Structures are given as structure tokens and as C-alpha cells.
Amino acid sequence: MNIFSIYFEKIKKFLIDLEKDKQIKLSDNLNKLTIELPPKDLQGDISCNAALVLSKINNKKPKDIAILLKTNLIKKFPEFKNIFIAEPGFLNIEFNEDFWQKFLTNLLNLKEEYGSNSSIKNRYNVEFVSANPTGPLHVGHCRGAILGDVITNLLTFNGNEVSKEYYVNDHGNQVKIFTLSVYYRIIEILQNKEFPKNQEDLYRGEYVVDIAKKIIDKKLINQFNNYENIYEQLKDISIKESLELIKINLNSLGIQHDHFVFESQLFKNNEIKNTVEKLKKKDLVYQGKIEAPKSKKEKNYKERKQLLFKSTLYGDDKDRPLQKDDLSWTYFAGDLAYHNNKINRNFDILINVLGADHAGYIKRINAGVEALSNKKTKLSCKVSQLVKLLKDGKLFKMSKRKGDYITVEDLINEVGRDPVRFIMLSRSNDVELDFDFKKVTEKTKDNPVYYVQYCYARICSVFRNLNLDLNEEINFDEKKFHINSNERQIIKKLSEWPKCISISTQRMEPHRIPVYLYELATLFHSYWNLGKDNISFRFISDNKPTSLTKLIILKCISYVVKSGMNLIGVNTPNKM
RNA sequence: GGUCCUGUAGUUAAAUGGAUAUAACGGGUCCCUCCUAAGGAUCAGAUGCAGGUUCGAUUCCUGCCGGGAUCACCA
């Protein structure tokens, strides 16, 4: 029930009819036609730019066309109470009260389903987090994790089928180093040999000690003398334990993946080899050299011949290596195999949610998917920019080497899930986010999380005071449906909800939802405060509702707030 | 140097190519102490620079200036 898209279609058809009637000329396409909310202080419920779009081809002033359209529109649509022509030629259409009464009735029936736009249904695969299984998640992973989760919520809400996936890189060099780190910790405990200090790349977080202890205590392995012999077993256990930590972290953020795909499995099933073969058959693989990196840090580069994928044919900057120096597969080769695996599972659209540090990877993986699927499978990569942690206004830097970074666990313990999710989502994922511990935990109106939650709690409180159940059906047969300007503004805002959902989903920009909810909450709070000056604006007098219309508006707000908060995975307490 | 992201009031942000650029905090002035403590009214204040496309540009394109990320092997 998106009135903007409904009237887009209706007015489009109206214009086509008008052309058949030879009253106007139409341009080739009407794509530039828009229906949107007029600016706040202007009259009208929806605004249409038809006159502006048609001005040139008709060789007339926008205003003259607007006058022509106005008279015809009023004749054609009985629900249009009035049309105001605003400079330079916008048609601001006001609906009659019957229309809004029907609108609210529909919303009451749809409840929390209101806002779902399910015209096109697809099968999606959303890959997100995919952090190395070498330790718990830290704050840096958080934003992408929540972004991925909410993108899947949006897609599901709109009737799509979505698989949430985590790609586990349990095969590369980092895994070797991690396993070795666990081993050193075991030896440290059992044989009192100090954990090596000079090897900088070892994992030295406290959790490595915990994993070591667990392996010893539970006697998961008994002999530790020969590292080579126990390596495979030790690796499997270490990764399993580490993945458990990650799953606990994800759970505390309210995130659960449907599928974990292991790189090692792709390797065992020969999928990497087969994928490279597939590319070879397409003549997209060759032995060649790539130039030295321009990065100033890199001094160890040695030029050599290696197996390369011709990603430049698909818009990448250079061809990408598939094999390392020792002829083992690169991470990229494994990821190509993983994407080939996804392609074989016949998803319509693949989505990868990446951190800013992996943005440079997008072109090559896009190239890979295009090549492997013959351009049939769509891949869309969303990047979430960095989170800057602030404590008392000061930048807080994390160092992985020292092991002193803030984990998701720390974050949730200190701040709580709701504020973390809300704040992480409140900015466009294309911009850096300041995350200030102090501000985020403040329970004041300046904190948008509580401001929105408080709106829901206040509505609950009204129904509680009336001994009514918020979820009970109300029949909307009020004869005198009158609304004041605040109520009208709220209803207009409610009418915008499906549009907000549809844009958020199409563009995969969930930050629009917290922004919308905050705006709706603002309107609600000022509506509530009307009752301060004037008792007749209160919802309750003498323990009875002052009007059914008011209750219904409150109910409709509650549905939208609840549904929006569900989508972003934030709670709506009944009391605060 | 290449690539990607980014530049909006004093600050933090918003704006599927729309109208007088929207809010919050902070600042000025005035009111209020209540169905929930977290209130209301009002004033001042901004699109980095230069072009282009468009009826219309914060938004799209080009160049410049600034901030961030990234650029063999790692993941």
C-alpha cells in the first residue's frame, strides 16, 4: 500500500489517456515523473512534477500545463479534494478525509506487515562477516555484520528468499600461524616454555590461552611432542573453538547465519582446481608477471612468473594471481571457487558485504563472477566504512599485535545490543561513523535509540492506562473523522513508510530506517506534548479515550515503529 | 602515483535530480514543570573551488583542493 507508487501509476495512465485525447504531448518516457511528499510547510499530501517534465515538449510554461492538468485531475479523481499549483509548476494534491480514513483502516489491517513491497521476488545470497576464524570478532567487524543482517531482514520483509552465509577461511597462512600460536600456548602451560616474543605475527590474545587450556583439560589431544603429527587435529580443534567464539559474538548482536561454507571443504572437493580449470577453458588464465605494487610499504616484492586470471578483461586494474610462490592457491582462487559454488546454487542475486579495507577487492571478484557465470549472475558488493571509536571525545586505537582491541563482547557488555545496532545503522554505510561510548549509553532524548523506544513505550502506556490491549482490533466506524494539523502530518509521515522501505531495500541503505523512525518519533512526541497546554489534545480524559481517531493514530504509529525496529533488530520495550 | 569512499550551519548528521536545503546539539530571547522523567515557542547560522548536463544539481559528469581506506605474497 505505497500511495506514492500507486499514484505514480495512476497519474501516468491519466497522462497517457490525456495524450490520446490530444490534450498534451508526452515525451518518450515518463521516467522523470515523480510522486513525492511536498515540503513540510506547503499544502497538499502528495506532490507531482508532471507539468515540469512536460513543459519542454509541449513548448508551454510549466504553470500553464499545471492548470490544464489540475482541471482534468480533479474531474478524474474524486478522492482529490484540492490541487495547489506551486512555483514553478508542482501539483500539490490534497486528499479528502475519506481517503485518509480508508488509508488508516488499511494500515490497521496490515499491522506490522504495512510497508512491505513484494512485487518482484528473488533468491538472494547474502555473504557477510566472513572474518578469519582465528579469534573473536572485534568492533571493526560489527558494522558490516549488522549491515548484512539488516539487508537480509529488508529483503525477507519484502518477500524474497534469502540465505545468510559466512565464508570460513580455514585454509590459508593465517590459520597456520593461529594453530602455531595455540600450540605455543599449550607448550607454555605444559612445559613452562615462554610464548615467543620475537615472532610478531603470532596471535597473542587471551582467548588463545583459553583455547589451549580447554584442549589440555578436555584431553582433546594427548601427545604434543610432534607438532607435524598433530597439526591437522590441532588446527581443526582450534578453528572450531574460534568459530564458536565468533558465533557467540554474532548471537550477542542478534545475528545468526544460515550457512557456513568452509574454504577447506572447497579444497577437499577439488572445487578450487575445477574452478581454475573452468576459467582455463574460457582462456582466461595464463602464466605471467604483474608489476610491483606502488605502495611505499612494500619492499620485499620479487618479480616472478605466476598463474594469473585475466580480470582486466572485465574491468579490473590488473590481472590477479591464483597461485602463490609455493604453488598453493591464493585466497582469491579459493574465493573464486566459493563464488562458483554460489553460482551453481542458482541464486538470482549475490550480495557481499565487505569492510572498507576490502573495497579494492570488488573489481576482481566482480570480474570472477562475470566470467564464471557468463554474466548471468548478478553480484553486488556493499562496503561499510570504518568505525571510529571515541571515548570521552578521544580517538581510541586498536592494535591487533598487542592483542588490545575491543571485542564485540566488550562492546555489548558496556553499551548494550540496542544502542549498538541503532547507532551503527544510523549513518550511510558509505561514510565513516563516529561511535562515542559515552553518547551511545546516555539515556536521554539526545540519544535517538531511546527517543524512538520511548515513543513506543508512551503509546503502550496510553493503552495500559485505558486497560486496553494494543493488539486488540478496533473497529473504525467513527462517523466524524476529523484530524488536526499535527495528526495530518503524522498520517502523511506514516504514508511515507512503504517508500522508505522500498528505497532502503533497492539501494541497500538501511540507515534510512533509523532516520525515518527518528522523524516519526519527533512528530509523535510533539503530538503528545500538545496535551500539556490543552487538555482536549490529551488521549485520555476521565479514564476514557478522548477520541477513537486518536487511538487509531497511536496504534498505527506503534505498528510502524515496531515493524521498523524489528527490521533493524532493536527492541521496543513496553515500559521504560 | 592508481583505485574506492568522502567534503553540507560552530559541532554531529539528513536529503530515490525538486520547491524557502532537513534536524539534533551548542548559542540568543521568551514560556512551562504536566497522560512518563526525556517539554514548548522563537531568532541567528551551511552545500570545498571551477566548469558542464538539466525546466531544475547537495545529488549526475569533468578538472582542481582537502580527509580516509586500499594497492605482490597475507585475508
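Model, not experiment: these values are computed from the prediction. Below, read A as the first sequence line, B as the second, and so on, with proteins coming before strands; counting in each chain starts at 1.
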With a 4.0 Å cut-off on heavy atoms, is A:Ala131 in touch with a base, just the backbone sugar-phosphate, or nothing at all? nothing
Mind checking what makes side chain to side chain contact (heavy atoms under 4.5 Å, CB included) contact with A:Asn467, not counting sequence neighbours? none
For A:Val431, report the nucleic acid contact type (base, sugar-phosphate, nothing); a contact means any heavy atom under 4.0 Å. sugar-phosphate
Classify the angle between the aromatic ring planes of A:Tyr361 and A:Tyr331 as parallel (below 30°), tilted (30 to 60°) or perpendicular (above 60°). tilted
Of A:Lys439 and A:Ser328, whose closest RNA chain B nucleotide lies nearer the 5' terminus? A:Lys439
Rounded to the Å, how far apart are A:Phe524 CZ and B:U36 P? 11 Å
If the condition is salt bridge (charged side-chain N to carboxylate O under 4.0 Å, His left out), which residues does A:Arg143 pass it with, not counting sequence neighbours? none
Output the rounded distance in Å from NZ (A:Lys544) to C1' (B:C35). 17 Å
d(CD1, A:Ile362; C1', B:C4) in whole Å: 7 Å
Ring pair (Phe, Tyr, Trp, His ring centres under 6.0 Å) involving A:Tyr456 - partner list, sequence neighbours excluded: none
Give one of base, sugar-phosphate or nothing for A:Asn49, where a contact means two heavy atoms less than 4.0 Å apart. base
From the candidates B:C4, B:A19, B:C5, the one with an atom nearest any side-chain atom of A:Ala359 is B:C4
From C-beta outward on A:Lys363, which listed nucleotide comes closest to its side chain: B:C35, B:C4, B:U16? B:C4
Base, sugar-phosphate, or nothing for A:Leu386, non-hydrogen atoms under 4.0 angstrom? sugar-phosphate
Within this structure, what is the CG-to-C1' distance between A:Leu91 and B:A19, rounded to whole angstrom? 13 Å
Of the nucleotides B:C35, B:A75, B:A72, which has the atom closest to the A:Trp528 side chain? B:C35
Which part of the nucleic acid does A:Asn429 contact within heavy-atom distance under 4.0 Å: base, sugar-phosphate only, or nothing? nothing
Can you tell me which nucleotide in B:U36, B:U16, B:C55 comes closest to the side chain of A:Arg464? B:U36
Base, sugar-phosphate or nothing for A:Pro39? Non-hydrogen atoms, less than 4.0 Å. base
Hey, which of these two, A:Lys499 or A:Ser47, hits RNA chain B nearer its 5' end, going by closest nucleotide? A:Lys499
Please answer whether the main-chain N or O of A:Thr134 pairs with a side-chain N or O of A:Asn132 as donor and acceptor at a distance below 3.5 Å. no
Just to verify, what does A:Lys550 make a side-chain hydrogen bond (donor to acceptor under 3.5 Å, both in side chains) with, not counting sequence neighbours? A:Glu487
Can you measure A:Lys575 atom NZ to B:C35 atom P for me and round it to whole angstrom units? 16 Å
Nearest of B:C35, B:U12, B:A38 to any side-chain atom of A:Asp434? B:U12
Can you tell me if A:Arg512 touches the phosphate of B:U16, counting only side-chain N or O atoms and a distance under 4.0 Å to OP1 or OP2? yes
If you compare every side-chain N and O of A:Asn465 against the phosphate oxygens of B:C35 (OP1, OP2), does one of them come in below 4.0 Å? no
Here the salt bridge (Lys or Arg N to Asp or Glu O under 4.0 Å) pairs for residues 513-524 of chain A, sequence neighbours left out, are A:Lys493-A:Glu519
Classify A:Pro448 by what it touches in the nucleic acid, base, sugar-phosphate, or nothing, heavy-atom distance under 4.0 Å. nothing
Using 0.5 Å steps for rounding, measure from the CG atom of A:Leu69 to the CG atom of A:Leu54. 6.5 Å
Please check: side-chain N/O of A:His358 versus main-chain N/O of A:Leu354, any donor-acceptor pairing under 3.5 Å? no
Which nucleotide in the list B:C5, B:C71, B:A19 gets nearest to the side chain of A:Lys318? B:C71
Just jot down the side chain to side chain contact (heavy atoms under 4.5 Å, CB included) partners of A:Tyr314, sequence neighbours excluded, or say none. A:Leu284, A:Ala367, A:Glu370, A:Ala371, A:Lys375
Considering residues at least two apart in sequence or located in another chain, which fulfil the side chain to side chain contact (heavy atoms under 4.5 Å, CB included) criterion with A:Phe537? A:Asn484, A:Leu530, A:Asn534
Under the 3.5 Å Watson-Crick or G-U criterion, the dot-bracket string of RNA chain B, with | for inter-strand pairs: (((((((..((((....[...)))).(((((.......)))))....(((((..]....))))))))))))....
Using atom C1' of each nucleotide, how far apart are B:C49 and B:G27 to the nearest Å? 30 Å
Restricting to side chain to side chain contact (heavy atoms under 4.5 Å, CB included), what partner residues turn up for A:Tyr451, sequence neighbours left out? A:Lys445, A:Tyr518, A:Ala521, A:Thr522, A:His525
Apply the test side-chain hydrogen bond (donor to acceptor under 3.5 Å, both in side chains) to residues A:Gln385 and A:Asp430: give CA-CA distance (whole Å), side-chain angles for both, the deciding distance (0.1 Å), then the verdict. CA-CA 6 Å; A:Gln385 293 296 322; A:Asp430 286 336; 5.4 Å; no
Starting at atom CZ of A:Arg364, determine the distance to atom C1' of B:C73, rounded to an integer number of angstrom. 12 Å
Please list, chain by chain and in numerical order, all residues satisfying side-chain hydrogen bond (donor to acceptor under 3.5 Å, both in side chains) with A:Ser426, sequence neighbours excluded. none
Quick check on B:A15: is either OP1 or OP2 less than 4.0 Å from any side-chain nitrogen or oxygen of A:His511? yes
Reckon A:Ser428 touches a base, only the sugar-phosphate, or nothing at all at heavy-atom distances under 4.0 Å? sugar-phosphate
What contact category does A:Ser461 fall into here, base, sugar-phosphate, or nothing, at under 4.0 angstrom with non-hydrogen atoms? base
Short heteroatom pairs, N/O only, protein and nucleotides 22-25 of chain B, under 3.5 Å:
unit_1	atom_1	unit_2	atom_2	d
B:A23	OP1	A:Lys40	NZ	2.1
B:C25	OP1	A:Lys445	NZ	2.3

Applying a 4.0 Å non-hydrogen cut-off, can you work out what A:Ala356 is touching in the nucleic acid: base, sugar-phosphate, or nothing? sugar-phosphate
Any donor-acceptor pair under 3.5 Å linking the side chain of A:Asn352 with the backbone of A:Phe128? no
Which atom pairs link the protein and nucleotides 56-63 of chain B when you take only N or O atoms and keep those under 3.5 Å?
unit_1	atom_1	unit_2	atom_2	d
B:G56	O6	A:Lys32	NZ	3.4

Expressed in angstrom and rounded to an integer, what is the separation of A:Glu432 atom CD from B:G7 atom C1'? 12 Å
Using a 4.0 Å heavy-atom cut-off, does A:Glu36 contact any base of the nucleic acid, only the sugar-phosphate backbone, or nothing at all? base
Which listed nucleotide (B:C5, B:U3, B:A19) is nearest to the side chain of A:Asp317? B:U3
If we take the C1' atom in both B:C34 and B:G39, what is their distance in whole Å? 9 Å
Looking at the side chain of A:Tyr450, which of B:A38, B:U6, B:U16 is the nearest nucleotide? B:A38
Between C1' of B:C5 and CG of A:Leu147, the distance in whole Å: 14 Å
A:Asn132, nearest nucleotide to its side chain (from B:A75, B:G18, B:U36): B:A75
